[in-house]
**Q** 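First the structure, then my questions, so here it is.
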Amino acid sequence: MMKNKMKVALFLAATMMVGSANVYAASTTSISVPQTTAAVSAAKPEKTSVSFDDRINELSDKLKAGQMVAYYVADQEYNRLDEIYFTSKGFAYTKYADYVAKAKAMNAPTLTKPADLPKSYSFQNAIIFLKSPERTSSLYEEIDQELKEKAANGEKFVYSDIMKSNEASAAILNFDKGKVKLQVVASYIVPEQPIGGTPVPQEKPNEKKETIVINGVECVYTADSKGRDHLDWVDEEQQIRYSIWAESAKSDVLNYAKKMIAK
């Protein structure tokens, strides 16, 4: 039944800021964003040596480009929110023209290569991430009901269903200049779902943020002493979040942003 359903996004997962065409199998996290994931755990179902994570990874490994699997873990300790989750495999392209055609067909967030790149950079690949069903959609409710009904009548621990997706949640363009990697990300902004409790601000002493205005658009540059730096901003309609990632290449990041952000 669900195998014939069209469904939608994903992500980031937490954002898959990876810079490799091989990492287009996205988990339930979103790109900036990316979405809530099941509890991180190495827990194993009773009477088996295979963990829940192993079973979920097996589901993901079997996916073909454009497929998404919805899964439900019938274990209160592992899946404390008692929710269904999604993992998917998007599309990767080494030819820019192929990416542009697919991105248009899947209504991916607008992300195009500037006519003139920062000096000495070359295009490497592009990745399109799939969009998973929104929690408020009828499709999500249908999948949720189906998988939980299977769990109520079965003896397995992980229940799943594979679907196809014709919509995108995010796109990534990867460039390099020798050993320097520059990654540009565009993702649709998805409102965060309240999960109860009071959010605790994360302290990141290794990060230093700076507000920079580029062609009238306020951007935030984050310098990370233990990772890659990134520049972030949102479009005028507050629908798409853009990020440019690179390590120790601030001038290149800013130059790229100037070419992306119209005056």
Side-chain angles (χ1 to χ4, degrees), residues 9-37 39-40 87 90 92 109-114 117-129 169-192 195 198-235 238-261:
L10 189 18
F11 221 80
L12 295 294
T15 239
M16 308 284 292
M17 308 298 185
V18 288
S20 168
N22 295 324
V23 195
Y24 61 113
S27 71
T28 41
T29 41
S30 76
I31 295 253
S32 39
V33 341
Q35 307 174 4
T36 304
T37 59
V40 176
T87 184
T110 303
L111 184 59
T112 56
K113 180 179 65 174
L117 295 171
K119 187 176 180 180
S120 300
Y121 276 93
S122 60
F123 171 77
Q124 296 302 304
N125 56 63
I127 304 171
I128 298 175
F129 289 87
S169 65
I172 293 179
L173 298 181
N174 290 305
F175 304 88
D176 70 20
K177 181 177 66 174
K179 294 183 179 181
V180 179
K181 309 296 181 183
L182 187 147
Q183 186 175 76
V184 187
V185 181
S187 58
Y188 286 121
I189 297 174
V190 179
E192 295 184 2
I195 58 176
T198 303
V200 179
Q202 285 187 311
E203 294 185 5
K204 298 182 179 181
N206 56 298
E207 291 187 351
K208 182 178 180 181
K209 297 184 180 294
E210 172 188 5
T211 299
I212 301 175
V213 177
I214 299 177
N215 294 334
V217 175
E218 186 175 290
C219 308
V220 176
Y221 188 89
T222 302
D224 189 340
S225 61
K226 295 185 178 181
R228 292 186 299 164
D229 299 348
H230 53 98
L231 181 75
D232 305 276
W233 72 95
V234 298
D235 69 338
Q238 303 288 300
Q239 294 182 344
I240 302 174
R241 176 179 289 105
Y242 293 96
S243 300
I244 304 178
W245 295 71
E247 184 175 351
S248 303
K250 183 176 181 179
S251 60
D252 290 344
V253 168
L254 296 181
N255 286 336
Y256 195 104
K258 290 176 183 178
K259 299 176 187 298
M260 282 185 64
I261 302 175

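All values below come from the heavy atoms of this structure, side chains included, with hydrogens, waters and symmetry mates left out. Bear in mind that the values here come from a model prediction, so they are computed numbers and not experimental data.
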**Q** Given M260, which of I214, L111, T112 fulfils the side-chain contact (heavy atoms from CB on, under 4.5 Å) condition?
**A** L111

**Q** Where do L117 and K259 come nearest, in terms of heavy atoms and distance?
**A**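 Looks like C-CE, 4.1 Å.
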
**Q** Using a distance-only test with no angle check, is there a side-chain donor-acceptor pair under 3.5 angstrom linking S243 and D232?
**A** yes

**Q** Any side-chain donor paired with an acceptor under 3.5 Å for T222 and K209?
**A** yes

**Q** Can you establish whether the number of heavy atoms outside Q238 located under 6.0 Å from its atom CD is more than 12?
**A**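 Atom CD in Q238 is crowded, with more than 12 foreign heavy atoms closer than 6.0 Å.
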
**Q** Quick one, I244 and H230 - any side-chain contact, counting heavy atoms below 4.5 Å?
**A**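 Not in contact.
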
**Q** After noting the C-alpha distance and the side-chain angles of F129 and I172, does the key distance pass the side chain to side chain contact (heavy atoms under 4.5 Å, CB included) rule?
**A** CA-CA 8 Å; F129 289 87; I172 293 179; 3.4 Å; yes

**Q** Does I212 reach the side chain of V220, with side-chain heavy atoms less than 4.5 Å apart?
**A** no

**Q** Would you say the side-chain atoms of N174 pair up with the backbone N or O of Q124, donor to acceptor, closer than 3.5 Å?
**A** no

**Q** Is there a side-chain contact between D176 and S122 (heavy atoms, below 4.5 Å)?
**A**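 The answer is yes, as the side chains (C-beta and beyond) meet within the 4.5 Å cut-off.
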
**Q** Could you tell me whether K208 atom NZ has more than 12 heavy atoms of other residues or ligands within 6.0 Å of it?
**A** no

**Q** For F175, is the NZ or CZ atom of K181 found under 6.0 angstrom from the centre of its six-membered ring and inside 45 degrees of the ring axis?
**A**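 So K181 doesn't make the cation-pi contact.
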
**Q** Does any part of the side chain of Y256, heavy atoms only, come nearer than 4.5 Å to the side chain of L173, both counted from C-beta?
**A** yes

**Q** Kindly give the heavy-atom pair with the smallest separation between G227 and E247, and that separation in Å.
**A** O-CG, 4.3 Å

**Q** So do the side chains of L182 and K177 get within less than 4.5 Å of each other, counting heavy atoms only?
**A** no

**Q** Any chance the side chains of D235 and Y242 put a donor and an acceptor closer than 3.5 Å?
**A**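 D235 vs Y242: no donor-acceptor pair found between side chains.
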
**Q** Contact between N255 and K119 at the side-chain level, heavy atoms closer than 4.5 Å - yes or no?
**A**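 No - every pair of side-chain heavy atoms lies 4.5 Å or more apart.
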
**Q** Search all heavy atoms of P109 against all heavy atoms of A186 and return the closest pair with its distance.
**A**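 What the structure gives for the nearest pair is CG-O, 3.3 Å.
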
**Q** Could you walk me through whether Q183 and R228 pass side chain to side chain contact (heavy atoms under 4.5 Å, CB included), step by step?
**A** CA-CA 10 Å; Q183 186 175 76; R228 292 186 299 164; 3.7 Å; yes

**Q** Step by step, work out the side chain to side chain contact (heavy atoms under 4.5 Å, CB included) result for I189 and I240.
**A** CA-CA 5 Å; I189 297 174; I240 302 174; 5.7 Å; no

**Q** State whether D229 and K250 are salt-bridged, where the test is any N-O pair (Lys NZ or Arg NE/NH1/NH2 against Asp/Glu carboxylate O) under 4.0 Å.
**A**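 Here D229 does not pair with K250 in a salt bridge, since their nearest N and O are not under 4.0 Å apart.
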
**Q** Less than 4.5 Å apart, any side-chain heavy atom of I261 and any of C219?
**A** yes

**Q** Verify side chain to side chain contact (heavy atoms under 4.5 Å, CB included) between V185 and W245, making sure each step is shown before the conclusion.
**A** CA-CA 8 Å; V185 181; W245 295 71; 4.3 Å; yes

